[in-house]
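Quick notes on the structure that follows.
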Amino acid sequence: MKNCERIANVALAGLTLAPLVVNVDPNLNVILTACITVYVGCYRSVKPTPPTETMSNEHAMRFPFVGSAMLLSLFLLFKFLSKDLVNAVLTCYFFVLGIIALSATLLPAIRRYLPDQWNDNLIGIEMLSLGSFKTGAILLFSQYAPNQAAVSEAGLFVYDIFWVFFTPVMVSVAKSFDAPIKLLFPTGVAARPFSMLGLGDIVIPGIFVALALRFDVSRGKGSQYFKSAFFGYAAGVILTIVVMNWFQAAQPALLYIVPCVIGSLAAHCIWNGDIKPLLEFDESKTAATEEGSEEKSGDSEEKSSKKDE
C-alpha cells in the first residue's frame, strides 16, 4: 500500500495547488481533499506495534462537554474582546502546535539525528488512538448507561447538530477564527467566496476509520472493513455537500458522516457475522499484553544468563 499512499499524497498536494492555476469546482475539491486526507492518515496510523496511548471511554464521554465549553468560551471572547487580539493570542498557541505537528511529520527523515528521548516523545504524538470501537461509538454517537433505563450521553453527533442548527455559536466562531481549524476552498462567487470544512469533520471520523484499518491489519485480512468505513465516510461527505447546496446553509457534517460511517461498518460486520470480534477489539489491551510478554521474555533471559554464569 506504500505506492497508493504516495499517489494519495501527490494527489493531495495537487488539489491544494490546483486552484491557484485552474478553476476547480469547490464541491469536488472539498470531497476529494477530505477523503484523501483520511485515506493517507489511516495508513499512516498503522504501526509495527500497538499505540502506546489510547482514549478511554470516560474521555470519550467528556469530549463533547469539553468541546462545548471551549466553543462557547471562544464565542464569548470574540463577542466581548477585539477579534484581532483574540486571533493574535490563538495564533501564538497554534504556532507552537504547528511546530510539534511538523516535527512529527518530518520525524521519519530526521529520527537518526535526534536523541532517543526526543524520538520517544514525538512518536507518542502519532500513536494516539481510540483504542476500541466501543470508545469510538461513544465519542461519535452515544453511550448507553446500563444502570439507568433509556439514558444516554450525547456524543459529537448531537454536539455538532446542536451548535450548528440551534445556536449561532459554531458558525460565528468558524468565521471569526483565523487559525488552522478549517479548510477554505475558493468558490469564485462574490456572495460566498469560500466553501468551508472544519478539520474536526476530517479528524474525528478519520480516527474511527483508521481504527477499522488497524482492526483489519490485526486479523491479517487486508483492508476488508476499512473499505466499508471509508466508503461510509466518503458517502457522508458527499451527502453533506449535497444538502448544503440544496438549502444554501451551513450544515453539521457529523450529522451525515457519523451514521454513514458507523452504519456501513455495522452492516458489513453483521453480514459477515463479525460483530463480536469487532466489539472485543481493544488496542490498549493488545499493547499491555505485548509489554507483559516482553517483560517475561526479558526476565527469562536474565534467569538463563545467571544460570550460565
Side-chain angles (χ1 to χ4, degrees), residues 34 37-38 41 45 51 53-79 90 93-94 97 128-177 179-183 196-212 229 232-233 236-237 239-240 243-244 249-266 279 282-284:
T37 301
V38 168
S45 75
E53 295 181 37
T54 58
M55 184 181 292
S56 67
N57 291 352
E58 291 76 16
H59 290 150
M61 282 190 284
R62 286 196 216 112
F63 198 96
F65 299 105
V66 174
S68 296
M70 290 298 297
L71 186 65
L72 188 57
S73 300
L74 286 171
F75 177 75
L76 294 175
L77 285 173
F78 281 120
K79 186 173 182 179
L90 292 173
Y93 171 71
F94 279 99
L97 289 185
L128 183 61
S129 161
L130 283 174
S132 70
F133 288 99
K134 291 178 182 177
T135 304
I138 293 170
L139 179 67
L140 292 177
F141 199 64
S142 65
Q143 164 67 20
Y144 175 73
N147 56 338
Q148 301 176 26
V151 175
S152 65
E153 299 281 353
L156 291 175
F157 174 77
V158 177
Y159 159 90
D160 210 22
I161 295 171
F162 174 77
W163 289 113
V164 173
F165 280 157
F166 297 100
T167 74
V169 173
M170 181 79 81
V171 177
S172 176
V173 169
K175 289 181 177 178
S176 303
F177 205 171
I181 62 162
K182 57 192 174 184
L183 297 178
M196 184 171 60
L197 181 68
L199 289 185
D201 299 326
I202 297 175
V203 175
I204 299 299
I207 58 177
F208 188 86
V209 178
L211 186 64
Y233 178 79
V237 174
L239 187 57
T240 304
V243 176
M244 182 184 69
Q251 297 294 319
L254 295 184
L255 169 63
Y256 311 101
I257 294 173
V258 169
C260 287
V261 172
I262 294 182
S264 60
L265 181 62
L279 292 177
D282 192 330
E283 289 183 309
S284 60

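Positions are given from 1, in the same order as the sequence printed here.
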Any idea which heavy atoms bring [X] and [Y] closest together, and the distance?
X: F75; Y: P168; value: CE1-O, 4.5 Å
X: Y233; Y: A34; value: OH-CB, 3.6 Å
X: C260; Y: G232; value: CB-O, 3.1 Å
X: F177; Y: F78; value: CA-CZ, 3.9 Å
X: P64; Y: Y159; value: O-CD1, 3.6 Å

**Donor-acceptor under 3.5 Å (S264 side chain, V261 main chain)** = yes
**Request:** Could you tell me whether the side chain of D201 and the main chain of A253 form a donor-acceptor pair under 3.5 Å?
**Result:** no
Do [X] and [Y] come close enough that some side-chain heavy atom pair is under 4.5 Å?
X: V258; Y: F208; value: no
X: L255; Y: V164; value: no
X: I204; Y: F63; value: yes
X: F162; Y: V169; value: no
X: F165; Y: M170; value: no

Looking at [atom1] of [X] and [atom2] of [Y], how far apart are the two atoms once the value is rounded to the nearest 0.5 Å?
X: I161; Y: Q251; atom1: CD1; atom2: CD; value: 10.5 Å
X: L71; Y: L76; atom1: CG; atom2: CG; value: 10.0 Å
X: L90; Y: L74; atom1: CG; atom2: CG; value: 6.0 Å
X: L197; Y: T37; atom1: CG; atom2: OG1; value: 9.0 Å

**Asked** side-chain contact (heavy atoms from CB on, under 4.5 Å) with P205: which of I257, V237, V38?
**Response** I257
